[in-house]
Colleague: 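One structure is given below, represented as structure tokens, and several questions about it will come after.
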Amino acid sequence: MEKILIVTEKPDAAKNFAKALDGKTGVYGDKQFAIINLYGHVLTSGKPHEVALPQYSETVGLFSKIDAIPWSPSYFDFKKKQVSESLGDLGTRLMATIRKYLDAGYIPCIATDTDVSGEGDLLGLEVFEFLNYKGRMYRVRQVDES
């Protein structure tokens, strides 16, 4: 039986999925599922000196080297992310929980908001990139949370 991890953007969306599927975990049709929610932007980029490539970290410094400004975008690793400090331990626990589901063979189904800007896609995809997940993934696009 295929196992699906439904990942929503926020807690209220997870509650709506759980209501529709009669629980946060269970079986629907021929699929086993679990629902988990993000809290919006779970990941963030670090400060410039934290995401600077090693050869440019001294050039970037801690904003103290104004003679090096403007910086070139090539100085930075924009894919380097960290769990948002604003979530505290909640963010770290969330990422560990998602990792456990992946290790147990669950396939992610990104069920974040469908935004014209693509923000919903980003919120889901960056989590799995951060966790170095390379497997299959699904994307569900709903009109709204109802």
Side-chain angles (χ1 to χ4, degrees), residues 1-57 59-63 69-146:
M1 178 177 297
E2 190 172 54
K3 298 189 286 188
I4 306 293
L5 177 62
I6 300 169
V7 181
T8 68
E9 190 167 325
K10 46 196 174 261
D12 61 323
K15 286 178 190 171
N16 287 330
F17 266 94
K19 183 178 177 184
L21 295 172
D22 201 26
K24 286 197 89 165
T25 61
V27 175
Y28 185 81
D30 63 345
K31 310 232 186 288
Q32 183 177 336
F33 70 89
I35 302 168
I36 195 164
N37 63 269
L38 304 177
Y39 297 91
H41 291 274
V42 175
L43 299 171
T44 185
S45 294
K47 296 176 181 82
H49 69 278
E50 296 170 333
V51 295
L53 295 169
Q55 64 269 34
Y56 298 111
S57 61
T59 302
V60 171
L62 294 171
F63 292 102
I69 297 174
W71 297 325
S72 168
S74 65
Y75 293 0
F76 304 96
D77 178 0
F78 290 108
K79 289 188 174 197
K80 189 174 182 182
K81 302 283 184 174
Q82 60 192 30
V83 176
S84 176
E85 292 176 8
S86 66
L87 291 175
D89 192 42
L90 176 64
T92 303
R93 289 193 320 267
L94 173 64
M95 297 303 277
T97 300
I98 293 171
R99 168 54 55 208
K100 285 180 186 174
Y101 277 112
L102 296 175
D103 290 346
Y106 279 77
I107 299 167
C109 176
I110 297 173
T112 53
D113 293 351
T114 303
D115 307 298
V116 174
S117 68
E119 182 186 32
D121 294 313
L122 169 72
L123 292 173
L125 290 170
E126 72 180 359
V127 165
F128 297 103
E129 185 175 283
F130 179 82
L131 293 171
N132 203 29
Y133 177 75
K134 305 280 190 219
R136 189 167 31 143
M137 222 180 284
Y138 295 110
R139 174 65 160 115
V140 63
R141 297 189 188 279
Q142 63 278 353
V143 176
D144 60 35
E145 290 182 16
S146 62

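Quick note: residue numbers are just sequence positions, from 1. Small disclaimer: the values here were computed from a predicted structure and weren't measured.
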Colleague: Working note: His49 + Ser57, criterion side chain to side chain contact (heavy atoms under 4.5 Å, CB included); need CA distance, chi angles, decisive distance, verdict.
Modeller: CA-CA 6 Å; His49 69 278; Ser57 61; over 6 Å; no
Colleague: Charged N to carboxylate O below 4.0 Å: is that the case for Asp113 and Arg141?
Modeller: no
Colleague: Specify the closest pair of heavy atoms between Lys81 and Phe130, including all atoms of both residues, with the distance to one decimal.
Modeller: O-CE1, 3.3 Å
Colleague: Let me see the working for Ile107 and Lys3 under side chain to side chain contact (heavy atoms under 4.5 Å, CB included), right down to the final yes or no.
Modeller: CA-CA 6 Å; Ile107 299 167; Lys3 298 189 286 188; over 6 Å; no
Colleague: List the atom of Val51, the atom of Gly46, and the distance in Å for their closest heavy-atom pair.
Modeller: CG1-N, 3.6 Å
Colleague: Donor-acceptor pairs under 3.5 angstrom involving side-chain atoms of residues 19-40: please list them, not counting sequence neighbours.
Modeller:
| unit_1 | atom_1 | unit_2 | atom_2 | d |
| --- | --- | --- | --- | --- |
| Lys31 | NZ | Glu2 | OE1 | 3.0 |
| Gln32 | NE2 | Tyr106 | OH | 2.9 |

Colleague: Quick check for you: to the nearest 0.5 Å, what is the distance between Ile110 atom CD1 and Met137 atom CE?
Modeller: 5.0 Å
Colleague: Tell me every residue that passes side chain to side chain contact (heavy atoms under 4.5 Å, CB included) with Glu50, counting only those two or more places apart in sequence or in another chain.
Modeller: Lys47, Gln82
Colleague: For a quick test of reading the model, state the closest non-hydrogen atom pair linking Thr8 to Ala13 and the distance between them.
Modeller: CB-CB, 3.8 Å
Colleague: Over all heavy atoms of both residues, which pair between Ala111 and Phe17 is shortest? Give the atoms and the distance, please.
Modeller: CB-CZ, 3.6 Å
Colleague: Enter the distance from Lys79:NZ to Ser45:OG here, rounded to the nearest 0.5 Å.
Modeller: 12.0 Å
Colleague: Working to the nearest 0.5 Å, report the span between CG of Leu87 and CZ of Arg93.
Modeller: 10.0 Å
Colleague: What distance do Ser84 atom OG and Leu94 atom CG have between them, rounded to the nearest 0.5 Å?
Modeller: 11.5 Å
Colleague: Does atom CD of Gln55 have more than 12 heavy-atom neighbours, drawn from other residues, nucleotides or ligands, at distances under 6.0 Å?
Modeller: yes
Colleague: Please confirm whether the ring centroid of Trp71 lies under 6.0 Å from the ring centroid of Tyr56.
Modeller: no
Colleague: Indicate yes or no: at least one non-hydrogen side-chain atom of Pro73 is less than 4.5 angstrom from one of Phe78.
Modeller: yes
Colleague: Indicate the atoms forming the closest heavy-atom contact of Arg136 with Tyr133, along with that distance.
Modeller: O-OH, 2.6 Å
Colleague: What pair of heavy atoms forms the shortest contact from Ile4 to Cys109, and how long is it?
Modeller: CG2-CB, 3.6 Å
Colleague: At what distance, to the nearest 0.5 angstrom, does OG1 of Thr112 lie from CD1 of Ile6?
Modeller: 12.5 Å
Colleague: In Å, rounded to the nearest 0.5 Å, how long is the span from CD of Glu129 to CG of Leu43?
Modeller: 9.5 Å
